[in-house]
Amino acid sequence: KEADMDEDEEDEEVDDEQLLDAEAVEQDTPAERSGHIAVVDRNIMYVWGGYKNAENHGFFDLYLPRNEIWTYNMESGVWTKHLAGGSLHSSMSGSCGVCVDGVLYLFGGHHARGNTNKIYRLPLRTPSLDKGFCLCVCFGVFFNWDSPGRGWNNHIHILDLETSTWSQPITTGDTPSPRAAHACATVGNRGYVFGGRYKNYRLNDLYYLDLDTWEWHEIVPQQGPVGRSWHSFTPVSLDHIFLFGGFTTDRETLSDAWLYSVSKNEWKPFKHSHTESPRLWHTACAGPDGEVFVFGGCANNLLSHHRAAHSNDLLVFNVQPKSLVRFCMETILQHRERLSSYWDCLPKHLLHSLKQRMARVNTLGS
């Protein structure tokens with residue numbers, strides 16, 4: 001699975017496509033999962049990969065289908081399944097995903113036969129996703145430290161998307177210690193790193209890397225969250241990063257949330273209604289209206305010998321104040337019987353957004 005797991009604690013994994021297909025049931029929402037990736041393009045969240053419990057095979061884990069991509073429309077609240085073709089040969093968990101100019105880039109991950117350092121790309125704005133994943137680059141970058149095939153590192157690697165080449169910049173400053181299962185966020189020209197696991201400890205230190213000078217800086221706020229790994233760290237404005245969940249050194253799965261202010265160098269606890277929904281190895285994406293959408297993850301101790309409580313719940317956190325447009329939309333929908341005759345006077349993009357939100361109201365009301 002991941003470097004955050006001890007080798008003697010890893011469950012066996014099932015890589016049997018026939019088993020996966022036999023257990024697959026047509027659903028209108030994604031299956032429960034952990035270790036997946038999620039990215040946002042415009043108002044659509046894309047979810048791929050991860051693994052779940054096998055239904056009929058004890059404590060074995062089952063990878064989600066490699067050709068299956070789920071989209072969530074943040075305006076209509078509708079999930080849609082897509083099947084992608086291409087040259088992606090393995091289902092995986094623990095991959096890294098990012099969306100750049102409407103293209104999903106998928107790097108690395110763990111599959112039943114080990115780890116990979118391949119990169120795939122998938123255009124998201126084509127009429128359909130069936131053209132599938134395309135292999136971009138295959139280059140050896142990873143690590144052997146204390147034992148063969150396994151180790152801790154604090155390296156920085158850069159992929160040039162135009163030339164499909166890797167490089168490793170020379171960094172200076174207060175370099176973070178090696179770690180795994182940490183979380184990163186980019187705000188302006190700074191790349192922030194919080195927490196993660198080093199050996200048997202979960203950290204709560206905070207660093208940023210100046211992406212112009214490649215200099216590391218350690219940040220020491222007065223008070224902050226407990227050390228953790230497998231958490232999410234999501235930029236929600238030019239001044240705030242949202243932290244949720246994770247897993248402590250004492251092997252507690254967390255449900256706390258925090259906001260970090262860049263300008264004030266200050267952590268503040270964030271009150272929310274999901275305190276009974278602890279999560280680790282989930283995903284968190286910022287939406288267009290100041291919301292953070294947390295999907296999936298595990299609700300219990302993933303390293304124990306008990307059955308993992310993988311989730312397919314979507315937790316929504318209203319982190320930023322609603323925009324004036326959002327308030328107007330909600331008011332129009334609240335009084336839709338009186339105002340619907342005027343809708344056609346709206347600009348096309350607002351009318352489309354309003355109809356998307358109307359579809360969500362109808363779905364929730366049915």
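The first residue in the sequence is number 1, and the count goes up from there.
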S.K.: Where do Ser91 and His111 come nearest, in terms of heavy atoms and distance?
M.R.: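 Nearest pair, atom of Ser91 first, then His111: O-CB, 3.4 Å.
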
S.K.: Walk me through whether Arg125 and Asp41 qualify under salt bridge (charged side-chain N to carboxylate O under 4.0 Å, His left out).
M.R.: CA-CA 9 Å; Arg125 297 180 186 174; Asp41 184 44; 2.7 Å; yes

S.K.: Examine distances only and state if a side-chain atom of Thr186 and a backbone atom of Gly191 form a donor-acceptor pair shorter than 3.5 Å.
M.R.: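 No: the side chain of Thr186 does not pair with the backbone of Gly191.
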
S.K.: Any chance the rings of Tyr198 and Trp152 have centres within less than 6.0 Å?
M.R.: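 Ring centroids of Tyr198 and Trp152 are less than 6.0 Å from each other.
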
S.K.: Tell me, please, which residues at least two apart from Asp239 pass salt bridge (Lys or Arg N to Asp or Glu O under 4.0 Å).
M.R.: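 Per chain and number, Asp239 pairs via salt bridge (Lys or Arg N to Asp or Glu O under 4.0 Å) with no residue.
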
S.K.: Between the main-chain N or O of His217 and the side-chain N or O of Asp174, is there a donor-acceptor pair closer than 3.5 Å?
M.R.: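 Side chain of Asp174 to backbone of His217, a donor-acceptor pair under 3.5 Å: no, none is there.
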
S.K.: Taking Ser311 for the side chain and Asp313 for the main chain, is one N or O donor matched with an acceptor at less than 3.5 Å?
M.R.: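 Side chain of Ser311 to backbone of Asp313, a donor-acceptor pair under 3.5 Å: yes, one is there.
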
S.K.: Do Ser304 and Arg251 have side-chain N/O donor and acceptor atoms under 3.5 Å apart?
M.R.: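 No - no donor-acceptor pair under 3.5 Å links their side chains.
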
S.K.: With no hydrogens and no angle check, do the side chains of Glu215 and Thr172 hold a donor and an acceptor under 3.5 Å apart?
M.R.: no

S.K.: Check whether any side-chain N or O of Ser261 sits under 3.5 Å from a backbone N or O of Asn265 as a donor-acceptor pair, and report yes or no.
M.R.: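 Not confirmed, Ser261 side chain does not pair with Asn265 backbone.
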
S.K.: Report yes if the distance between the aromatic ring centroids of Trp48 and Tyr120 is under 6.0 Å, otherwise no.
M.R.: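 Trp48 vs Tyr120: aromatic centres not under 6.0 Å.
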
S.K.: Would you confirm whether Asp210, through its side chain, and Asp212, through its main-chain N or O, come within 3.5 Å as a donor-acceptor pair?
M.R.: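 Pair found, side chain donor or acceptor close to backbone of Asp212.
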
S.K.: Check whether the side chains of Arg279 and Ser255 place a donor and an acceptor atom closer than 3.5 Å, and report yes or no.
M.R.: no

S.K.: When you measure from the side chain of Ser34 to the backbone N and O of Cys298, does any donor-acceptor pair fall under 3.5 Å?
M.R.: yes

S.K.: Whether the Thr165 and Thr163 side chains hold a donor-acceptor pair (N or O, under 3.5 Å, no angle test) is what I'd like checked.
M.R.: yes

S.K.: Please say whether more than 12 non-hydrogen atoms of neighbouring residues, nucleotides or ligands are located less than 6.0 Å from CG in Asp101.
M.R.: no

S.K.: Quick check on ring-ring contact (aromatic ring centres under 6.0 Å, His included): which of Tyr260, Phe270, Trp258 does Phe242 satisfy it with?
M.R.: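 Going through Tyr260, Phe270, Trp258 one by one, the ring-ring contact (aromatic ring centres under 6.0 Å, His included) with Phe242 is satisfied by Phe270 alone.
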
S.K.: Would you say the ring centroid of His182 lies under 6.0 angstrom from that of Phe233?
M.R.: no

S.K.: Centres of the Phe244 and Phe317 rings: under 6.0 Å?
M.R.: yes

S.K.: Is it the case that Thr283 and His36 place a side-chain donor and acceptor less than 3.5 Å from each other?
M.R.: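 Judged by distance alone, the side chains do pair up.
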
S.K.: Both conditions, 6.0 Å and 45 degrees, for the charged tip of Arg190 above the ring of Tyr208: are they met here?
M.R.: yes

S.K.: Answer yes when Asp256 and Arg228 have at least one side-chain N-carboxylate O distance shorter than 4.0 Å, and no when they do not.
M.R.: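 Yes, charged N to carboxylate O under 4.0 Å.
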
S.K.: Is the gap between the ring centers of His231 and Phe247 under 6.0 Å?
M.R.: no

S.K.: Will you find, in the side chains of Gln168 and Trp166, an N or O donor that is under 3.5 Å from an N or O acceptor?
M.R.: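 On atom types as modelled, these side chains do not qualify, holding no pair under 3.5 Å.
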
S.K.: Checking Arg66 side chain against Gly49 main chain: does a donor-acceptor pair fall under 3.5 Å?
M.R.: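 Not confirmed, Arg66 side chain does not pair with Gly49 backbone.
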
S.K.: Keeping Asn67 on the side-chain end and Leu83 on the backbone end, is there a donor-acceptor pair under 3.5 Å?
M.R.: no

S.K.: Looking at Tyr51 versus His310, is the centre-to-centre ring distance below 6.0 Å?
M.R.: yes

S.K.: Under 4.5 Å between side-chain heavy atoms, chaining through other members, with only Ile, Leu, Val, Met, Phe, Trp and Tyr counted: pull out the rest of the cluster around Val226, sorted by chain and number.
M.R.: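 Answer for Val226: Leu254.
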
S.K.: Any chance the rings of Phe295 and His282 have centres within less than 6.0 Å?
M.R.: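 No, too far apart.
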
S.K.: For the residue pair Trp267 and Phe194, is the inter-centroid distance of their aromatic rings smaller than 6.0 Å?
M.R.: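 They qualify: ring centres under 6.0 Å apart.
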
S.K.: So, for Trp79 and Tyr72, is the gap between ring centers shorter than 6.0 Å?
M.R.: yes

